[in-house]
**Student:** 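Quick one: structure below, then a few questions.
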Amino acid sequence: MLGWLMLSVIVGAAAFKGTGAAALITMVVLAIKAVEYMQWRARIDVVGGPEATLLGGTKKAIGDISSGDRLEIIEKIVAQNPKVYRLWTGPLFPIVHVVHPETIKPFLLSKSTVKPWIYKKIFDHLSDSIFVKNGTEWKHSRRQFTPAFHFKSLADYLELSSVHADDCIAALPETIAEANGVLDMIDVVSKMTATSLLRSVFSYTKNADGWFGTFMVAITATDRLVASRIDNPGHLLIPNSIYKMLDNGKTFYEHRAVLIGLCTDMIHQRKALIAEEGPSYFADKEARGDYLDFLDICLQATNEDGTEISTEDIAGQCITFIAAGFGTSTAAISFTLYCLAKDKKYQDLCAEEAKEVSLQDPTPDLATLKKLKYITMCFKEATRLYPPIPSIAKVAEEGTVIDGHLIDAGTTVVVNIYGCHHNPTVWADPDRFNPERFNPESPDFNKDPFAWILYSAGPRNCIGQKYADMQSKLFLMKLLAEFEFSIVEGVTQVKPVPRVVLCSVDGVKLRMTRRN
């Protein structure tokens with residue numbers, strides 16, 4: 001529909017410069033297209049949702065994405081439209097949001113949905129990574145990168161991450177003293193998770209703290225600019241060649257260059273090591289019992305046609321996995337600590353459990369993490385309230401019926417995770433922190449596997465979900481065993497903002513004190 005309308009406008013503009021007959025024909029064509037457009041729009045609008053204007057869409061109704069009010073508005077929309085609703089970005093870009101397990105499940109399990117065409121444009125800093133791929137290209141990449149997160153690799157990562165976590169914990173009292181006890185959990189946790197990921201998944205130890213500091217500034221800026229672009233139809237629909245000329249575009253591509261540069265340097269260092277050790281580098285590493293890390297696997301991978309992956313595309317894969325790996329874990333851990341800071345009963349239960357399990361297993365392994373009953377319950381409930389990835393966008397390749405409404409092929413459908421997690425028809429008293437929802441022995445237990453969607457589901461679930469889950473529980477166990485977390489009156493105020501990864505307007509500031 002969008003293509004036809006744009007073509008009609010171009011033809012019309014050309015024809016009006018010609019003869020009267022041509023102008024008349026063009027007027028008839030435009031009239032037909034206008035009728036088709038209004039019929040198409042009516043099919044979308046019957047789904048329901050906030051009031052939309054023809055040109056401005058639903059922008060006025062849902063507010064500014066950066067203000068901290070957007071998610072509160074989404075909760076109100078979901079309460080009125082508990083299964084599905086639509087938004088409009090300008091006059092030509094409808095987005096259908098599914099917010100109930102009954103409407104979410106078919107899309108997550110469907111093999112006839114793809115990533116939106118817009119992804120490659122707005123996520124240009126990820127180059128041609130697995131995140132933006134579709135079809136056989138995606139399947140090829142998924143098959144090649146999956147070994148980086150197999151059980152044996154996870155066990156190796158956990159061993160390294162545990163040692164690194166202990167080092168971070170030992171350094172925290174000095175940091176706490178310097179900050180007079182009040183710290184932003186996003187800052188504290190991101191340094192722990194990111195440097196742990198670099199050391200384990202990428203085997204990168206050279207100035208890891210400094211490297212990450214630069215990476216963090218750039219990836220935070222690109223996330224903010226991507227969210228802003230999605231919210232602005234004028235920026236969303238123009239080609240990148242024009243977007244680069246705008247202030248936001250210039251800033252985006254400056255940070256993109258930083259990200260690509262950081263990961264390219266990492267790749268060149270690994271290539272130099274491989275050249276130094278010779279062609280048997282990979283075989284020798286496996287023979288010694290060392291794991292092949294993610295960067296090793298990237299350097300052995302190929303494009304679907306068998307050609308070598310370019311350095312920039314490998315850098316894009318690295319940016320994708322580093323940003324997703326530490327970003328989701330950081331958000332999940334930080335918001336879990338925030339929820340526990342407000343609920344002393346469950347924080348004490350988690351702390352006692354963390355101490356007990358740590359004494360039983362001083363060197364934790366994957367089996368250790370399965371013993372964390374209360375930490376797991378609280379982690380799941382906190383990520384229900386504050387899902388690290390607030391939504392996932394897909395495009396229906398075929399006409400699809402959603403809750404009795406026909407959605408045209410090519411329509412963007414958003415699996416609104418935040419909306420589902422706060423849906424009062426799915427969760428009783430949805431804004432209340434109640435970990436018993438995830439206790440199988442409790443009457444509050446919700447058994448629907450599509451009611452809580454932390455790492456997506458179906459054929460395109462998160463490739464690194466087991467790593468993120470492992471890292472989150474490990475760091476929560478370590479932190480809660482050693483420190484108590486409390487709300488700071490007049491300072492702690494969490495207002496979540498839906499960017500690529502959920503964040504908070506003013507961070508997640510808590511008071512940290514050493515446990516006795």
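Not measured: the values here are computed from a predicted model.
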**Student:** Charged N to carboxylate O below 4.0 Å: is that the case for K152 and D156?
**Tutor:** yes
**Student:** To the nearest 0.5 Å, what is the distance between NE2 on H164 and CE on M192?
**Tutor:** 7.0 Å
**Student:** Give the C-alpha distance, both sets of side-chain angles, the deciding distance and a yes or no for side-chain contact (heavy atoms from CB on, under 4.5 Å) between L372 and F379.
**Tutor:** CA-CA 10 Å; L372 302 174; F379 171 74; over 6 Å; no
**Student:** More than 12 non-hydrogen atoms from neighbouring residues, nucleotides or ligands closer than 6.0 Å to CD on E159, yes or no?
**Tutor:** no
**Student:** Do the charged groups of D124 and R256 touch, with an N to O distance under 4.0 Å?
**Tutor:** yes
**Student:** Report yes or no: do S228 and H235 form a side-chain donor-acceptor pair below 3.5 Å?
**Tutor:** no
**Student:** Charged N to carboxylate O under 4.0 angstrom, D290 versus R288?
**Tutor:** yes
**Student:** F212: which residues meet the ring pair (Phe, Tyr, Trp, His ring centres under 6.0 Å) condition with it, sequence neighbours left out?
**Tutor:** F326
**Student:** Kindly confirm or rule out a cation-pi arrangement of K394 over F107, judged by NZ or CZ under 6.0 Å from the six-membered ring centre and within 45° of its axis?
**Tutor:** no
**Student:** I169 and F483: side-chain contact (heavy atoms from CB on, under 4.5 Å), yes or no, with the steps?
**Tutor:** CA-CA 9 Å; I169 295 292; F483 299 100; 3.9 Å; yes
**Student:** What I'd like to find out is whether the side chain of M477 reaches to under 4.5 Å of the side chain of V357, using heavy atoms alone.
**Tutor:** yes
**Student:** Between T330 and S190, do the side chains contain a donor N or O and an acceptor N or O under 3.5 Å apart?
**Tutor:** no
**Student:** For a quick check under 3.5 Å, do E286 and Y291 share a side-chain donor-acceptor pair by atom type?
**Tutor:** no
**Student:** For Y374 and Q347: C-alpha separation, side-chain torsions, deciding distance, then whether side chain to side chain donor-acceptor pair (under 3.5 Å) applies.
**Tutor:** CA-CA 9 Å; Y374 286 110; Q347 183 178 170; over 6 Å; no
**Student:** Without hydrogens or angle criteria, can the side chains of Y386 and E381 be said to hold a donor-acceptor pair below 3.5 Å?
**Tutor:** no
**Student:** Can a side-chain donor-acceptor contact be found between S127 and D313 if the only test is distance below 3.5 angstrom?
**Tutor:** yes
**Student:** Would you sort out whether V415 and L108 count as a side-chain contact (heavy atoms from CB on, under 4.5 Å), showing the intermediate values?
**Tutor:** CA-CA 8 Å; V415 176; L108 289 182; 4.0 Å; yes
**Student:** Taking side chain as C-beta onward, heavy atoms only, is T175 less than 4.5 Å from M512?
**Tutor:** no
**Student:** Over all heavy atoms of both residues, which pair between L480 and C350 is shortest? Give the atoms and the distance, please.
**Tutor:** CD1-CB, 3.9 Å
**Student:** Any carboxylate oxygen within less than 4.0 angstrom of a Lys/Arg side-chain nitrogen, looking at K373 and E353?
**Tutor:** no
**Student:** Look up atom CZ in F145 and atom CD in Q317, then write down how far apart they are to the nearest 0.5 Å.
**Tutor:** 4.0 Å
**Student:** Here's a test for you: under side-chain contact (heavy atoms from CB on, under 4.5 Å), which of K342, R511, M185 qualifies with F485?
**Tutor:** M185
**Student:** Between the side chains of K105 and D448, is the shortest nitrogen-to-carboxylate-oxygen separation below 4.0 Å, so that they form an ion pair?
**Tutor:** no
**Student:** Within this structure, what is the CD1-NE2 distance for the pair I77 and H422, rounded to the nearest 0.5 Å?
**Tutor:** 14.0 Å
**Student:** Would you give the length of the straight line joining atom NZ of K76 to atom CG of D69, rounded to the nearest 0.5 angstrom?
**Tutor:** 8.5 Å
**Student:** Is there a donor-acceptor pair under 3.5 Å between the side chain of R384 and the backbone N or O of P435?
**Tutor:** no
**Student:** Classify the side-chain pair S329/T193 by whether it contains a donor and acceptor separated by less than 3.5 Å.
**Tutor:** no
**Student:** Any side-chain heavy atom of T251 within less than 4.5 Å of one from L225?
**Tutor:** yes
**Student:** Without swapping roles, check the side chain of D223 against the backbone of V500 for a donor-acceptor pair under 3.5 Å.
**Tutor:** no
**Student:** Under a 3.5 Å threshold, yes or no: a donor from one side chain and an acceptor from the other, between W211 and T195?
**Tutor:** no
**Student:** Would the Y119 and F131 ring centres measure less than 6.0 Å apart?
**Tutor:** yes
**Student:** In sequence, state the C-alpha distance, the side-chain angles, and the governing distance for L476 and L337, and then conclude on side-chain contact (heavy atoms from CB on, under 4.5 Å).
**Tutor:** CA-CA 8 Å; L476 281 169; L337 293 174; 3.9 Å; yes
**Student:** Would you call K495-D506 a salt bridge at under 4.0 Å N-O?
**Tutor:** no
**Student:** Counting only N and O atoms by type, is there a donor-acceptor contact under 3.5 Å from the side chain of T220 to the main-chain atoms of V217?
**Tutor:** no
**Student:** Quick one: do the D365 and T368 side chains pair a donor with an acceptor below 3.5 Å?
**Tutor:** yes
**Student:** So do the side chains of T311 and H268 get within less than 4.5 Å of each other, counting heavy atoms only?
**Tutor:** yes
**Student:** Is the side chain of S358 donor-acceptor paired with the backbone N or O of A354 at a distance under 3.5 Å, no angle test?
**Tutor:** yes
**Student:** Would you please classify the geometry between the Y85 ring and the H97 ring as parallel, tilted or perpendicular, with 30° and 60° separating the classes?
**Tutor:** parallel
**Student:** Would you call L273 and Y281 a side-chain contact if the rule is heavy atoms closer than 4.5 Å?
**Tutor:** yes
**Student:** Are L510 and Y338 close enough that some pair of their side-chain heavy atoms sits under 4.5 Å apart?
**Tutor:** yes
**Student:** How close do A148 and Y157 get, heavy atom to heavy atom, and via which atoms?
**Tutor:** O-OH, 2.8 Å
**Student:** For H100 and N423, test the side chains for any donor-to-acceptor distance below 3.5 angstrom and give the result as yes or no.
**Tutor:** no
**Student:** So which atom in C318 and which in L295 form the shortest heavy-atom distance, rounded to 0.1 Å?
**Tutor:** SG-CD1, 3.8 Å
**Student:** Verify the distance criterion only: is there a donor paired with an acceptor across the side chains of S196 and S161 at less than 3.5 Å?
**Tutor:** yes
**Student:** How close do R229 and Y243 get, heavy atom to heavy atom, and via which atoms?
**Tutor:** NH1-CD2, 3.4 Å
**Student:** Can you see which heavy atom on T328 is nearest to which on A468, and at what distance?
**Tutor:** OG1-CB, 4.2 Å
**Student:** Let me confirm one number: the CD-CG distance from Q471 to L369, rounded to the nearest 0.5 Å.
**Tutor:** 11.5 Å
**Student:** Does R270 come within less than 4.0 Å of D293, counting only side-chain N to carboxylate O?
**Tutor:** yes
**Student:** Atom CD1 in I267, atom CG in L262: separation rounded to 0.5 Å?
**Tutor:** 11.0 Å
**Student:** Between L454 and P388, what is the shortest heavy-atom contact and its length?
**Tutor:** CD1-CD, 3.3 Å
**Student:** Could R515 and E482 be called an ion pair, given the rule that one side-chain N must be under 4.0 Å from one carboxylate O?
**Tutor:** no
